[in-house]
Amino acid sequence: EEPQSFYDAVGGEVAFRHLVHRFYEGVVSDPLLRPLYPEDDLAGAEDRLRLFLIQYWGGPNAYSAQRGHPRLRIRHNPFVIGSAERDAWLKHMHDAVVSLELPDDLEKRLWDYLVYAAHSMVNAPDA
Ligand code: HEM
């Protein structure tokens with residue numbers, strides 16, 4: 001029998017749906033981040049991030065079935081991401097992570113990954 005995936009441990013699709021929806025609720029009202037995202041397809045952006053995170057944490061591979069290899073740094077090249085954008089992204093993601101009310105060890109694993117990933121997405125030096 002396979003060990004339980006992190007995806008299952010945190011509550012499967014329902015948890016990731018909640019996480020990413022909550023994150024985009026923050027993005028919508030963020031004057032720094034909102035302009036980076038598609039004006040009329042935030043639902044599409046929400047789908048893409050949710051499917052990526054589900055796949056990353058051991059759930060179904062729908063992200064790659066639809067989008068191919070993630071290549072996330074390359075996909076973020078069109079957007080100027082400095083430390084301010086990174087920190088705004090992480091602020092909304094932190095609110096979203098906390099709202100899941102996970103056990104501490106699971107919350108820490110999820111949050112540590114998101115911090116690491118957000119730092120690795122920075123592609124613009126500070127002025
Ligand atoms: C896409 C911004 C960090 C995962 C996007 C998009 C923007 C964006 C503007 C396009 C939205 C769309 O899909 O139409 C940012 C900013 C970040 C950040 C400002 C700050 C550091 C991250 C991190 C991850 C991530 C840390 C992963 C843990 C994704 C994914 C997509 C995406 C999976 C969709 C890629 C695709 O299939 O086209 N991001 N992002 N992003 N982002 Fe980020």
Indicate every side-chain donor-acceptor pair of residues 79-90 with a distance under 3.5 Å to a residue at least two apart or in another chain.
{"unit_1": "S83", "atom_1": "OG", "unit_2": "D126", "atom_2": "OD1", "d": "2.9"}
{"unit_1": "S83", "atom_1": "OG", "unit_2": "D126", "atom_2": "OD2", "d": "3.0"}
{"unit_1": "E85", "atom_1": "OE1", "unit_2": "G82", "atom_2": "N", "d": "2.8"}

Do H92 and L33 have side chains that get closer than 4.5 Å, going by heavy atoms? yes
Non-neighbouring partners of P103 that pass side-chain contact (heavy atoms from CB on, under 4.5 Å), sequence neighbours left out: D105, L106
Any sub-3.5 Å donor-acceptor pair from Y7's side-chain atoms to E13's backbone N or O? yes
Only one of V20, L49, L110, V27 clears side-chain contact (heavy atoms from CB on, under 4.5 Å) with M93; which? L49
Roughly how far apart are L51 CG and R67 CZ, rounded to 0.5 Å? 10.0 Å
I would like to know whether L102 and R109 meet side chain to side chain contact (heavy atoms under 4.5 Å, CB included); could you show each step before the answer? CA-CA 10 Å; L102 295 171; R109 223 178 127 193; over 6 Å; no
Can you list every pair that meets side chain to side chain donor-acceptor pair (under 3.5 Å) and has a residue in residues 68-82, with sequence neighbours left out? Y63-R75
What is the distance from atom CD1 of I54 to atom CZ of R17, rounded to the nearest 0.5 Å? 7.0 Å
Transitively linked via ILVMFWY side-chain contacts under 4.5 Å: L32 with V122? no
Atom pair CZ (F52) and CZ (F16), whose distance is rounded to the nearest 0.5 Å: 10.5 Å
List the steps and the verdict of side chain to side chain contact (heavy atoms under 4.5 Å, CB included) for L100 and H18. CA-CA 8 Å; L100 291 178; H18 177 97; 3.4 Å; yes
Count the heavy atoms of every other residue, nucleotide or ligand shown that sit under 6.0 Å from CD of Q4, and state whether that count exceeds 12. yes
Side chain to side chain contact (heavy atoms under 4.5 Å, CB included) assessment of W111 paired with V115: CA-CA 6 Å; W111 179 240; V115 170; 3.4 Å; yes
Pairwise distance CG(D95) to CD(E25) - rounded to 0.5 angstrom: 10.5 Å
Quick one: CD on E46 to CG on D41, what's the gap to the nearest 0.5 Å? 10.5 Å
Ring geometry between Y113 and Y56 (parallel below 30°, tilted from 30 to 60°, perpendicular above 60°): parallel
Check: Q55 side chain, S64 main-chain N or O, donor-acceptor pair, under 3.5 Å: yes
hydrophobic_cluster_shared for L53 and V98, side chain cutoff 4.5 Å: no
Nearest-0.5 Å distance, CG of residue L19 to OH of residue Y24: 11.0 Å
